[in-house]
Amino acid sequence: MRAVETENSIESFEIFPWDKNFETGIALIDEQHQKLVQILNHLAVHLANRSSKKILNEVFDELFDYADYHFKAEEEVWRKYLLNDESFNSHEKTHKSFISHVIDLRGREGREDYDQIMQDTVGFLTHWLAYHILDNDKRMAKVILAIENGKSVTQAKQSAHEEMSGSMQLLIETVLKMYDSLSSRTMDLMREKTLRKQAEQALLENEEKWRFVFESNHEEVWDWDIQKSNETHHSVENTLVHIIDRELVQDFSSSRIHPDDIALVKHHLQLHLDGKTPFFTSKHRLLHKDGSWTWVLSRGKVVSRNEQGLALRMVGTHSDITERELASIIFRASSQGMMISDKDNRIISVNPAFTEITGYPPAEVIGKDPKFLASERNSKELYRKMWDEINEIGHWQAELWNRNRSGKEFYSYLSINTVLDDQNQIDHYIGLLSDITDKKINEDLVLRHANYDVLTNLPNRRMFFTLLDTEIKRTRRRQAQFGLFFIDLDHFKEVNDSLSHEIGDRLLIDATRRMQNCIRESDAIARIGGDEFAMIISELGYTSRLDSIAQNIIDELSKPFKIDVNQIYISASIGITIYPDDGEEASSLLKNADQAMYRAKKSGRSRFSYFTSEMQAASIKRQFLLGDLRNALSSNQFELVYQPVIDLSNGSVGKAEALLRWKHPERGMILPAEFISLAEESGLIIDIGNWVFDEVMRQLVEWSDRTCEGFQISINKSPLQFRNRIAHQQWLQQLKKLQLHGSSVVVEITENLLMENESSVHEQLLVFRDHNIEVALDDFGTGYSSLSYLKDFHIDFIKIDQSFVRNLEEDSQEMILCEAMIAMAHKLGIKVIAEGVETESQMQLLKHSGCDYAQGYFYSKPVSAGEFERYLPDAEG
Ligand SMILES: Nc1nc2c(ncn2[C@@H]2O[C@@H]3COP(=O)(O)O[C@H]4[C@@H](O)[C@H](n5cnc6c(=O)[nH]c(N)nc65)O[C@@H]4COP(=O)(O)O[C@H]3[C@H]2O)c(=O)[nH]1
């Protein structure tokens, strides 16, 4: 027998290797006999390796082919010399019996085991080979060869018989027997070997399969000889604990199971050892050798028990599930709602936070498309964009409205991420959901505060500019016009101060309502200052419509307001400008409307005024002037003039007021009325004011040896200068440096400053007082002239405005007012200076009324420093 390797690695072998003794001496016949031996060997191999229907059919087909061809060819040879011989006929019959036997064998197919049919076929062919080929065919061949050598048939048969008998016959029979027994033993051996090999292979495959499963699951296998371990360990539970420990942490010393988990592990283990659970399963924490806690899943089963049912052996696995467990903890404990859906976007899992946020328990959402959460408040565009982004870049996030289980909308932050499979196809969607309704409400509130006036709910100044810009763009596109109103409430400040801020607020709300009733929905109204409002009158067909709207507003606001017991009268001054005729930009339009309003106010209030071309010209002139003003300081174009202030008790000049002049290189002398407001708007007033102070200080030092004690120069200060505290500090340092007394300076302020009621103003006035700098309240009588200011702020002088002095006559209204102001001031310990005294009679009247000081053209116009020196004690003339 020879072993041969075949292509499919099934070991092949020959139970009948071809032998020279098999040969008949007729080449054609031997060749075909060799073919039969091949088929036989082929069959034997398959039998050893287990047969199949397919192989059996192949073998039978081969046998039939062989028989058909071989028997014909062989019979041709015999027929040639032995046609009518009895030996030929019987040989022919044997051939036929071969075919019918093979047909019988094949007929057993389907009824009997393939291996059995195969084994019988091998047995049949073995005997065919032994008795037919080695005996019959060989004998026939010897006859033919003898005939060919000239012998008669009878002689030939005789010689063949002699050759085949005796030792030859014995040899054939021995070989046959040997082959016979050898072949069947070999078959058994081969079969056994093959079966063993197959079993080994199956075992190997099984082992590999399990190894693969364990490796890919990151699982470790344990095998626990319970009784043996019990001999060395105190308890069964501890032993398992140790096994699990050792597997994971390597340097086992004592139980490393988390103290909180030990009881549960033992409980589960005992249940299984007692046969109460089919498997042992435990999820617990183990102390890893790096000091961290590792989550472990242990599973096991008792595989052998003794007759009393005592567990003997247990096998199992454990795996590190830290990541999975942490993910699960996050999933369960997260305050963010989580939903996982499959590739068809059907929800497969949601966490408790999802239920908390939406109100939907898992059972109601699993298997559903998450779109049941959607609110119709979101645009279709939003969802289209969402899917585009998810499909293109794999994630999307946005803030949007959703609807909870009870139908209530909530504002949410939603982010969706995709999880891809090995083929890069979407496998899962993971959605994270948070309820940010509160945040949204707060944001809206902040946005509202930033853009709306809390009191009236109207857009504020900032929002108004946005509305104005939008209106400009809209109107520009349609090549149309719109009107802009600047509305200032007349007498509002008086109401606010005399009644209360609360009443003032309610008045503003009522006034807003009345104004809103005068315009259409498409128009807009905003509160842009304390008592200032702006309106956009859009879609202007004819401009005269603006007249009627403005007049209507004035009429409505002039009607009395009834707030609590108070009957309040106010009115409005309105400035009107038209886009695009008067301006094309929001800021210039509003400025124009403001100017027009100012004109309306100047013309007697409670009226409206259009922005005109003269105003436009004035506005342009101001622009140019502003440009020049920026260089005026550095070009030394400023100068101070001084107007003496006369002490009415003795006619002496103990004070002077410093007044600013701008010597413009082209326009000549420019008075403060023309440029102070420009300087204030541009912020230049701070530097200019500091220059004035320095100049006055310089002058005081220069005159120090010529002035009598208590000589004072007053300086005008803009309210804006009070916003810059550092400047005041510098002033104080300057005084100290020049060794001048604070009392040599009087700061002139206006009522407007005090009306702002800023605590910082209060503080700075106190600082002045602390440094003996006196304070004069300018233009007294023109504003609201509240007594409370005089009481609350530390004021040293009031300056009666020249509008009272101008018309001062005995028994006149002005006279009465002047007397009242003087008396009131004196009562409060405040001295009085009268401004604009131009005549002797005015001076006399004031003197009689007890006024302390006077200044005006009657004494002197403001003069240069050089000219002023004549009023100083030792001056000549
Ligand atoms: N018709 C008439 N006018 C008289 C008479 N006596 C004085 N005047 C003028 O009345 C104004 C008095 O100054 P004010 O009320 O403080 O009013 C000042 C003051 O508010 C402001 N001003 C002047 N200089 C400065 C300055 O340095 N800083 C600031 N912030 N404002 C200044 O400009 C205003 C105007 O100043 P001026 O044009 O110099 O006008 C001065 C003065 O020339 C008179 O008998 N008849």
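Residue indices begin at 1 and follow the sequence shown. Here the structure is a predicted model, which means the values were calculated and not measured. Atoms within a ligand are numbered from 1 in the order they appear, just like the ligands themselves.
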Open item on the list: Heavy atom to atom 45 (O) of ligand 1, shortest distance: which of Tyr857, Phe675, Phe693 holds it?
Closed with: Tyr857
TODO: Tell me, with the steps shown, if Asp796 and Arg769 meet salt bridge (charged side-chain N to carboxylate O under 4.0 Å, His left out).
DONE: CA-CA 10 Å; Asp796 300 287; Arg769 193 191 61 184; over 6 Å; no
TODO: Consider ligand 1: state whether an atom of it lies below 4.0 angstrom from any non-hydrogen atom of Gln855.
DONE: no
Open item on the list: Among residues at least two apart in sequence or on other chains, which ones pass side-chain hydrogen bond (donor to acceptor under 3.5 Å, both in side chains) with Ser652?
Closed with: Asn650
TODO: Measure from the side-chain N and O atoms of Asn566 to the backbone N and O of Ile568, and report whether any donor-acceptor pair falls under 3.5 Å.
DONE: no
Task: atom 17 (O) of ligand 1 - nearest protein heavy atom and its distance - done: Asp778 OD2, 4.4 Å
Open item on the list: Side chains of Leu659 and Gln643, heavy atoms from C-beta outward: is any pair under 4.5 Å?
Closed with: yes
Open item on the list: Any side-chain to backbone donor/acceptor pair from Gln842 onto Val805? Under 3.5 Å, distance only.
Closed with: yes
Task: Contact check, Arg661 vs ligand 1, heavy-atom distance below 4.0 Å - done: yes
- [ ] Assess Lys717 against Phe722: is NZ or CZ under 6.0 Å from the centre of the six-membered ring, and within 45 degrees of the ring's axis?
- [x] yes
Task: atom 20 (O) of ligand 1: the protein heavy-atom neighbour that sits closest, reported with distance to 0.1 Å - done: Asn716 OD1, 3.9 Å
Task: side chain to side chain donor-acceptor pair (under 3.5 Å) assessment of Ser573 paired with Asp490 - done: CA-CA 7 Å; Ser573 300; Asp490 299 327; 2.8 Å; yes
Task: Element-labelled atoms of ligand 1 that are located less than 4.0 Å from some non-hydrogen atom of Ser718 - done: 30 (N)
Open item on the list: Does any part of the side chain of Trp731, heavy atoms only, come nearer than 4.5 Å to the side chain of Val745, both counted from C-beta?
Closed with: no
Task: Geometric cation-pi criterion, Lys861 with Tyr857: 6.0 Å, 45° - done: yes
Open item on the list: Show the atoms of ligand 1 that are less than 4.0 angstrom away from any heavy atom in Asp779.
Closed with: 15 (O)
TODO: Could you check whether the rings of Phe675 and Phe638 sit parallel, tilted or perpendicular, using 30° and 60° as the cut-offs?
DONE: tilted
Open item on the list: Which residue and atom name correspond to the protein heavy atom nearest atom 21 (C) of ligand 1, and how close is it?
Closed with: Pro672 CB, 4.0 Å
Task: Option whose closest heavy atom lies nearest to atom 18 (C) of ligand 1, chosen from Leu659, Ile688, Leu660 - done: Leu659
Open item on the list: Within the structure, is a non-hydrogen atom of Ala673 found at a distance of less than 4.0 Å from ligand 1?
Closed with: no
Open item on the list: Show me which atoms of ligand 1 lie under 4.0 Å from any heavy atom of Glu835.
Closed with: 12 (C), 13 (O), 14 (P), 15 (O)
- [ ] From atom 44 (C) of ligand 1, work out which of Glu838, Lys717, Gln842 has a heavy atom at the shortest distance.
- [x] Glu838
Task: Tyr610 side chain reached by Asp547 side chain, heavy atoms, under 4.5 Å - done: yes
- [ ] Find all atoms of ligand 1 within a distance of less than 4.0 Å from any non-hydrogen atom belonging to Gly836, and give their numbers and elements.
- [x] 5 (C), 44 (C), 45 (O)
Task: Which of the ligand 1 atoms, numbered from 1, are nearer than 4.0 Å to a heavy atom of Gly856 - done: 6 (N), 45 (O)
Task: For Pro862, the ligand 1 atoms whose distance to one of its heavy atoms is below 4.0 Å - done: 43 (O)
- [ ] Kindly identify the option in Gln721, Arg806, Gln802 whose heavy atom sits closest to atom 8 (N) of ligand 1.
- [x] Gln802
Open item on the list: Any protein heavy-atom neighbour for atom 28 (N) of ligand 1 (distance below 4.0 angstrom)?
Closed with: yes
Open item on the list: Please check whether Gln643 reaches ligand 1 - meaning an N/O of the residue sits under 3.5 Å from an N/O of the ligand, judged on distance alone.
Closed with: yes
- [ ] Check each atom of ligand 1 against the heavy atoms of Glu748 and keep those under 4.0 Å away; list them by number with element.
- [x] 16 (O)
- [ ] Go through the steps to decide whether Asp852 and Lys831 satisfy the test salt bridge (charged side-chain N to carboxylate O under 4.0 Å, His left out), and finish with yes or no.
- [x] CA-CA 6 Å; Asp852 304 290; Lys831 284 163 272 174; over 6 Å; no
